[in-house]
Engineer: 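Before we start, here is the structure in question, set down as structure tokens.
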Amino acid sequence: MLIKLLETVKFFHCEIIDSTNNLALQLLNEMQFSKNRQEKYIAVTAGFQTKGRGRNNKFWFGETNSNIYFSLALNHNPDQIPLYLLQVIGSLASYKVLSQFVAAPFIKIKYPNDIYVFEKKCSKFKKISGIISETNYFSEKKCNSVIGIGINVNQTFFPPEIADTATSLRLLGIEQDMQKLIKELAINIVNLLSDNPQKIIEDWSNIVDITDKSVILLSEPDKKYFAEKILPDCRLILVDNYEKKLIIDNGDSIRYEF
């Protein structure tokens with residue numbers, strides 16, 4: 001079954017590239033999938049990205065041949081696979097891969113999609129994986145989308161501005177073969193893409209576990225909110241002490257403790 005899932009993915013690798021997301025979408029646009037071919041998805045990996053990006057146009061820092069830089073592109077109907085589901089699928093796929101090595105209490109999905117793990121030597125949660133999705137529309141019923149995932153695997157140095165908030169499997173004392181992890185990542189994504197969207201959202205919401213937690217909105221740092229509920233489209237309802245409600249969809253706009 002797992003081999004069959006991999007047969008639906010056409011893999012490409014570049015030593016140096018601007019962005020795996022860019023190439024994955026480009027190749028998907030260029031490639032014509034005939035009905036008798038098994039490939040449905042394009043996957044691109046790289047040894048290094050010169051313009052790797054995260055959410056809100058942030059730069060994704062990484063060392064050469066030390067981390068996973070992975071993108072999987074697909075053609076789909078946004079009514080059948082909603083756009084908000086793509087980042088959820090990416091975060092769940094990354095979580096599944098990493099949770100093989102990190103026990104459940106020590107690995108978290110930070111709303112909406114970043115993966116954090118507990119680093120014992122500094123007694124704090126640090127980011128180990130980030131997910132971003134992008135879409136090109138052709139019509140209301142047809143679009144090309146890409147799920148981009150970065151996982152810090154063997155990196156041991158991080159620049160000062162993120163050294164206190166980022167980690168890697170190597171820094172956790174975990175040695176792993178990146179090619180094996182990449183295959184598992186692709187299998188998880190393809191498997192989730194065929195799963196029931198409601199079940200995917202429920203599984204993701206349970207792992208995110210933000211409901212009832214105290215939340216700080218960065219635009220109002222002196223005001224306290226509480227996470228009331230995650231909506232079916234993955235947006236988050238916040239409520240203050242006066243029962244005023246606010247709906248957000250950007251995890252970079254809030255801070256909360258795991």
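Residue indices begin at 1 and follow the sequence shown.
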Engineer: Can you establish whether the number of heavy atoms outside Lys223 located under 6.0 Å from its atom NZ is more than 12?
Structural biologist: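 Counting neighbours around NZ of Lys223, more than 12 heavy atoms of other residues, nucleotides or ligands fall under 6.0 Å, so yes.
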Engineer: Nearest 0.5 Å, please: how far is CZ in Phe258 from CZ in Phe106?
Structural biologist: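 Reported to 0.5 Å precision, the distance equals 14.0 Å.
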Engineer: Looking at Ile16, I want to see if its CD1 is surrounded by more than 12 non-hydrogen atoms of other residues, nucleotides or ligands under 6.0 Å.
Structural biologist: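 For Ile16, atom CD1 is not crowded (no more than 12 foreign heavy atoms under 6.0 Å).
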Engineer: Give a yes or no answer on whether the side chain of Asn113 reaches the backbone of Ile131 with a donor-acceptor pair at less than 3.5 Å.
Structural biologist: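 Yes, the answer is positive, given that a donor and an acceptor are paired below the 3.5 Å cut-off.
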Engineer: Is the shortest side-chain heavy-atom distance between Asn154 and Ser168 below 4.5 Å?
Structural biologist: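 They are not in side-chain contact.
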Engineer: Starting from the C-alpha separation in whole Å, work towards a yes-or-no answer on side chain to side chain contact (heavy atoms under 4.5 Å, CB included) for Asp114 and Ile109.
Structural biologist: CA-CA 6 Å; Asp114 290 335; Ile109 296 179; over 6 Å; no
Engineer: Nearest 0.5 angstrom please: Thr135 OG1 to Leu74 CG, how far?
Structural biologist: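 Separation between the atoms: 8.0 Å.
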Engineer: Any carboxylate oxygen within less than 4.0 angstrom of a Lys/Arg side-chain nitrogen, looking at Lys108 and Asp209?
Structural biologist: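 Salt bridge absent between Lys108 and Asp209.
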Engineer: Kindly check if the number of other-residue, nucleotide or ligand heavy atoms within 6.0 Å of NZ (Lys245) is above 12?
Structural biologist: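 No.
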Engineer: Where do Tyr256 and Ile210 come nearest, in terms of heavy atoms and distance?
Structural biologist: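 The answer is CE2-CD1, 3.4 Å.
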Engineer: Just by distance, do the side chain of Ser94 and the backbone of Ser91 share a donor-acceptor pair under 3.5 Å?
Structural biologist: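 Absent.
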Engineer: Return yes when atom CD of Glu175 has more than 12 non-hydrogen atoms of other residues, nucleotides or ligands closer than 6.0 Å, and no otherwise.
Structural biologist: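 Buried by this count: over 12 neighbours within 6.0 Å.
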Engineer: May I ask you to decide if the ring planes of Phe118 and Phe125 are parallel, tilted or perpendicular, using 30° and 60° as cut-offs?
Structural biologist: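 Judged by the thresholds at 30° and 60°, the geometry between Phe118 and Phe125 is perpendicular.
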Engineer: Just wondering, do Leu172 and Phe101 contact through their side chains at under 4.5 Å, heavy atoms?
Structural biologist: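 Sidechains of Leu172 and Phe101: no contact.
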Engineer: Would you find a donor on one side and an acceptor on the other, under 3.5 Å apart, between the side chain of Asn152 and the backbone of Gln155?
Structural biologist: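 Answer holds: no.
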Engineer: Measuring from atom CD1 of Ile187 to atom CD1 of Ile182, what distance do you get when rounded to the nearest 0.5 angstrom?
Structural biologist: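 Going from the CD1 atom of Ile187 to the CD1 atom of Ile182 covers 12.0 Å.
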Engineer: Report yes or no: does Asp249 contribute a side-chain atom to a donor-acceptor pair with the main-chain N or O of Arg235 at less than 3.5 Å?
Structural biologist: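 A pair under 3.5 Å: no.
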Engineer: I need the minimum non-hydrogen distance between Glu140 and Pro78, along with the two atoms involved.
Structural biologist: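 Where Glu140 meets Pro78 most closely, the heavy atoms are O-CG, 3.3 Å.
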Engineer: For the atom pair NZ (Lys229) and OG (Ser205), what is the distance rounded to the nearest 0.5 Å?
Structural biologist: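 The distance works out to 10.5 Å.
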Engineer: Determine, stepwise, if the pair Val9 / Ile189 fulfils side chain to side chain contact (heavy atoms under 4.5 Å, CB included).
Structural biologist: CA-CA 11 Å; Val9 183; Ile189 292 174; over 6 Å; no
Engineer: Can you tell me how far the CD1 atom of Ile207 sits from the CG atom of Leu92, to the nearest 0.5 Å?
Structural biologist: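 The CG atom of Leu92 is 5.0 Å from CD1 of Ile207, to the nearest 0.5 Å.
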Engineer: Among Val146, Thr20, Leu25, exactly one meets side-chain contact (heavy atoms from CB on, under 4.5 Å) together with Val44. Which residue is that?
Structural biologist: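 Single side-chain contact (heavy atoms from CB on, under 4.5 Å) partner of Val44 among Val146, Thr20, Leu25: Thr20.
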Engineer: Is there a donor-acceptor pair under 3.5 Å between the side chain of Asn67 and the backbone N or O of Val153?
Structural biologist: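 Present.
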Engineer: Which heavy atom in Gly90 sits nearest to a heavy atom in Ile147, and how many Å separate them?
Structural biologist: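 Distance-wise, the nearest heavy atoms are CA-CG2, 3.8 Å.
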Engineer: Quick check against the 3.5 Å criterion: does Tyr111 have a side-chain atom that pairs as donor or acceptor with the backbone of Cys234?
Structural biologist: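 Indeed, once roles are kept as given, a pair shorter than 3.5 Å links the two residues.
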Engineer: I need the Asp240 CG to Phe226 CZ distance, nearest 0.5 Å.
Structural biologist: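 If I round to the nearest 0.5 Å, the distance is 10.0 Å.
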Engineer: Are Leu246 and Leu236 joined in one hydrophobic group, where the rule is that I, L, V, M, F, W and Y side chains link up if heavy atoms are under 4.5 Å apart?
Structural biologist: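 They do share one cluster, since a chain of ILVMFWY contacts under 4.5 Å joins Leu246 to Leu236.
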Engineer: Could you tell me whether the side chains of Gln100 and Glu184 share a donor-acceptor contact shorter than 3.5 Å?
Structural biologist: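 Per modelled atom types, Gln100 and Glu184 side chains form a pair under 3.5 Å.
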Engineer: Please say yes or no: joined through hydrophobic side-chain contacts below 4.5 Å, possibly via intermediate residues, are Leu231 and Tyr84 part of one cluster?
Structural biologist: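 Not linked; separate clusters.
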Engineer: For the side chain of Ser71 and the backbone of Asn21, is there at least one donor-acceptor N/O pair under 3.5 Å apart?
Structural biologist: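 The answer is yes, because a donor-acceptor pair under 3.5 Å joins these two groups.
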Engineer: In this structure, are over 12 heavy atoms from other groups packed under 6.0 Å from Gln198 atom CD?
Structural biologist: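 No, because the 6.0 Å sphere around CD of Gln198 holds 12 heavy atoms or fewer from other groups.
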Engineer: If Ile, Leu, Val, Met, Phe, Trp and Tyr residues are connected whenever their side-chain heavy atoms lie under 4.5 Å apart, and connections chain through other members, are Trp204 and Ile81 in the same group?
Structural biologist: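 Yes, same cluster.
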Engineer: For Lys126 and Ala166, work out which heavy atoms get closest and say how close.
Structural biologist: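 Looking at all heavy atoms of both residues, the shortest contact is CD-O, 3.4 Å.
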Engineer: Is it the case that the side chain of Lys124 and the backbone of Asp164 share a donor-acceptor pair, with hydrogens and angles ignored and the cut-off at 3.5 Å?
Structural biologist: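 Side chain of Lys124 to backbone of Asp164, a donor-acceptor pair under 3.5 Å: yes, one is there.
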Engineer: Apply side chain to side chain contact (heavy atoms under 4.5 Å, CB included) to Leu23 and Asp18, showing your working.
Structural biologist: CA-CA 8 Å; Leu23 182 58; Asp18 61 347; 5.7 Å; no
Engineer: Would you check if Leu171 and Lys121 make a side-chain contact, meaning some heavy-atom pair closer than 4.5 Å?
Structural biologist: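 Yes, side chains in contact.
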Engineer: Is there side-chain contact between Phe11 and Leu6, with at least one heavy-atom pair below 4.5 Å?
Structural biologist: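 A side-chain contact exists here, since the closest heavy-atom pair is under 4.5 Å.
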Engineer: Does Lys183 have more than 12 heavy atoms from other residues, nucleotides or ligands lying within 6.0 Å of its NZ?
Structural biologist: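 It does not: Lys183 NZ has 12 such atoms or fewer within range.
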Engineer: Please give me the minimum heavy-atom distance between Leu83 and Ser145, naming the atom from each residue.
Structural biologist: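 Nearest heavy atoms, Leu83 then Ser145: CD2-OG, 3.9 Å.
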Engineer: Among the clusters formed by ILVMFWY side chains lying less than 4.5 Å apart, do Met178 and Ile174 turn up in the same one?
Structural biologist: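 Shared cluster, yes.
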Engineer: Under a 4.5 Å cut-off applied to non-hydrogen side-chain atoms, are Thr50 and Ile17 in contact?
Structural biologist: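 Heavy-atom side-chain distance check fails, nothing below 4.5 Å.
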Engineer: What are the two closest non-hydrogen atoms of Phe138 and Cys143, and how far apart are they?
Structural biologist: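 Closest approach of Phe138 to Cys143, heavy atoms only: CD1-CA, 3.9 Å.
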Engineer: Under 3.5 Å, side chain of Thr45 to main-chain N/O of Tyr69, donor-acceptor pair present?
Structural biologist: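 Answer holds: no.
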Engineer: Give the C-alpha distance, both sets of side-chain angles, the deciding distance and a yes or no for side chain to side chain contact (heavy atoms under 4.5 Å, CB included) between Ile68 and Val97.
Structural biologist: CA-CA 12 Å; Ile68 290 175; Val97 168; over 6 Å; no
Engineer: Going by heavy atoms in the side chains, are Ile151 and Leu185 under 4.5 Å from each other?
Structural biologist: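 Yes, at least one pair of side-chain atoms sits under 4.5 Å.
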